[in-house]
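Step one of this worksheet: look at the structure below.
Naming convention: chains lettered A, B, ... in sequence-line order (proteins, then strands); numbering from 1 in each chain.
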Amino acid sequence: MRGGPRVAALALPATVLVCVVMVAPLLLLFRYSLNRYSPTELMVAAFTGANYLAAVTDPYYRSVLASTLWVAGLSTLLTLLLGFPPAYALARMQGRWKSWTTLLVVFPLMVGNVVRAAGWMMLLGNSGVVNTALQATGLFAGSIQLMYTPFAVVLGIVTVVLPYMILTLASVIEGIPRNVEEAAANLGASPARVFRRVVLPLALPGVVAGCALVFILCMNAYSTPVLLGGPRFKMMAPAVYDQFVRTTNWPFGAALAFILLAVTLILTLAGSALLQRRIRA
Amino acid sequence: MISRRSLLGAAAAAATIPAISPARADGGQVVVSTWGGDYADLLAVNVEKPILDPKGIEIIHDINSSDARKTKLIAEKMSRRGSMDVVHLSDTDMYQMAKLGVFEDVPAASVPNLAEVLQPLRMPYAIPHIFSAQLLVYNPDKVDQPKSFTDFLDPKYKGRVGIPDLNYSVVTMGMALAAGGSMSNWEPAKKILMDLKKNEPRLYPSHEDLVQGLKSGEIWLAPEWLAREFMWKKSGVNLARVVPTEGAIPVIFQASVPKNAQNKANAWAYLDAMLNAKAQLGFADRMGYGPTVTDATLPLSLEQGIGFTPAEEAKFKTPDYEYQAAQLPAILDFWNKDFKG
């Protein structure tokens, strides 16, 4: 291929940029994670794996990682279930309605996560809209604790990541010819069977991409668990922030960040590989 | 120790470049790294416009959070040319940074108003700007006046005690005092905090959330800053306050000048202006924090709202900063894992 080097040269500026703004800080952060922490000197140069060992052996951080995993897993699953029908509808939509609907799907992304969480706080608080409405029905005298619960966190995260899932799925479903579905229906398959045997298998690449994207976003969620989960509910990203900011323990914070990165990467790759195998089968 | 090279990346990430006006004032510039919002507005109205503008000093605000400021101080530590001339931080953060040797000692000759500073608030490396203290705040319709931090353990207040999560250190200090500890011994706090946990206190991520709890009747009493109680009461929340028998624990917001500041003379002039009696009264009325100088006399109504009696001041429990700096990581660990867990 004579154009090979020239084509590769086109990727050079972007590659250099990624190396400078992403890889270099990551390397620096990794170096920090091998340092030692002292409450008075803050960071003491060292080459030790003690921070990693402390993080993986401490039951507290294991439980923080576990809650991060189940929140991310559940949120990804719910997002997939809630996102597939609108994604299908969007993909099959024609004309100007399609662009308006796409805009509506993207619309929540124009509002910051913190602002959206503030909206949920107004709805879910003990004196919030939901509790006030329940009290007005006369069914409940007191208030139901909705804020500062894992339920609020999952709800908040799902609404943040849903547009990503819908758009990813819709772009893949659009590529599935309508006449394939019609042929299946013509041969007597029920709509449910058409979905199960035709649409879903063909949309699996979109499911893989959507789930991977959403899972990564959920694993790294910061503002939603802080604002809706309250002080008692901890996920990894807020735990990393606490180490950097509240105790200025950069080495331990960096180690936690790399553990989060590694777990997210391994699970995303493993999940994607598993689904890809399904596709090939 | 942290080397310049090892922190180069952090410096690049953390440094924000303050907006610099092209026209230099006759008296030169001063870069003030501070909080935004009311605090920056009040600095402009009470300190900068009336005192420093006439001297021709151009003020550049470098607005950021305490954490960003601390990171910048650490990152710029080895640099000869620092980006900040005046740094504002709370007493706890300031001590932690002072231990790293990043601040100049405040020269009395360049800051004449230093002579007026209340004796217990004096530090060699910083001036105290405003202060408040942790008290017991309660709903007088629901609670008979509490006396001590031990009242939080009373079964009749089960589920009705609010704790501001951000104040974990000062709450720990109060509980340590109640359990027979001291400002230099927080160990007894652990047991009493675990006893408090059994009384199911509600933890709030911010002071704003806590006051919503007080307002709605979700909680009835809490340890809080006097300044907060004053402002909330002013906005109509039904509250009362009392200094606990253990004593009030002050929080001081301070200002320092980094060793690598580029405009030191103006920085000292800025610190002196912050201690000006008239400037301090402006902060007291709008933010509820007390003046730190003897020549700022509060009007009687304000004095009743945010002042302390001499007897209360005598019982102030100032943090043992060295002990605090060494203990904070461990106590946060305990707070997160055991008390909240």
Checklist outcome for this item: Applying a strict 4.5 Å limit to non-hydrogen atoms, the region of R31(A) in contact with chain B is neither
Item to check | Heavy-atom proximity to chain A below 4.5 Å, by part of K215(B) | outcome: neither
Next on the checklist: Donor-acceptor check, side chain of K70(B) to backbone of L89(B), threshold 3.5 angstrom: yes or no?
Outcome noted: no
Checklist entry - Which of parallel (below 30°), tilted (30 to 60°) and perpendicular (above 60°) describes W250(A) and Y32(A)? => result tilted
Next on the checklist: Testing N167(B), V137(B), L135(B) one by one against W225(B) for a side chain to side chain contact (heavy atoms under 4.5 Å, CB included), which residue passes?
Outcome noted: N167(B)
Checklist entry - Is there a salt bridge (charged side-chain N to carboxylate O under 4.0 Å, His left out) between D93(B) and R69(B) once you walk through the steps? => result CA-CA 10 Å; D93(B) 287 338; R69(B) 234 166 290 150; over 6 Å; no
Checklist entry - Which of parallel (below 30°), tilted (30 to 60°) and perpendicular (above 60°) describes Y204(B) and Y148(A)? => result perpendicular
Item to check | S63(A) versus chain B, the contacting section by heavy-atom distance below 4.5 Å | outcome: neither
Checklist outcome for this item: Given N249(A), V226(A), T248(A), the one with more heavy-atom pairs under 4.5 angstrom with chain B than any other is T248(A)
Item to check | M110(A) atom CE, over 12 foreign heavy atoms within 6.0 Å | outcome: yes
Item to check | Heavy-atom pairs under 4.5 Å with chain A, option from Q212(B), K99(B), E322(B), E218(B) with the top count | outcome: E218(B)
Next on the checklist: Which one wins on heavy-atom pair count under 4.5 Å against chain A: I163(B), L328(B), D165(B)?
Outcome noted: D165(B)
Checklist entry - What class does the angle between the rings of F30(A) and Y52(A) fall in, given that below 30° is parallel, 30 to 60° is tilted and above 60° is perpendicular? => result tilted
Checklist entry - Is it the backbone or the side chain of Y95(B) that comes under 4.5 Å from a heavy atom of chain A, or both, or neither? => result neither
Next on the checklist: One thing to verify: whether R202(B) and D209(B) come together as a salt bridge, which I'm taking to mean a side-chain N less than 4.0 angstrom from a carboxylate O.
Outcome noted: no
Item to check | Top contributor to chain A contacts, counting heavy-atom pairs under 4.5 Å, from G213(B), A326(B), S65(B), S206(B) | outcome: A326(B)
Checklist entry - Is it the side chain or the backbone of Y241(A) that comes within 4.5 Å of chain B heavy atoms, both, or neither? => result side chain
Item to check | Heavy-atom proximity to chain A below 4.5 Å, by part of L332(B) | outcome: side chain
Next on the checklist: Is the ring pair F339(B)/W335(B) parallel, tilted or perpendicular, if the boundaries are 30 and 60 degrees?
Outcome noted: tilted
Checklist entry - Measuring heavy-atom distances to chain B, does M121(A) have an atom under 4.5 Å in its side chain, in its backbone, in both, or in neither? => result side chain
Item to check | Proximity breakdown for Y61(A) and chain B, heavy-atom pairs closer than 4.5 Å | outcome: side chain
Checklist entry - With a 4.5 angstrom heavy-atom cut-off, which part of Y37(A) approaches chain B: side chain, backbone, both or neither? => result side chain
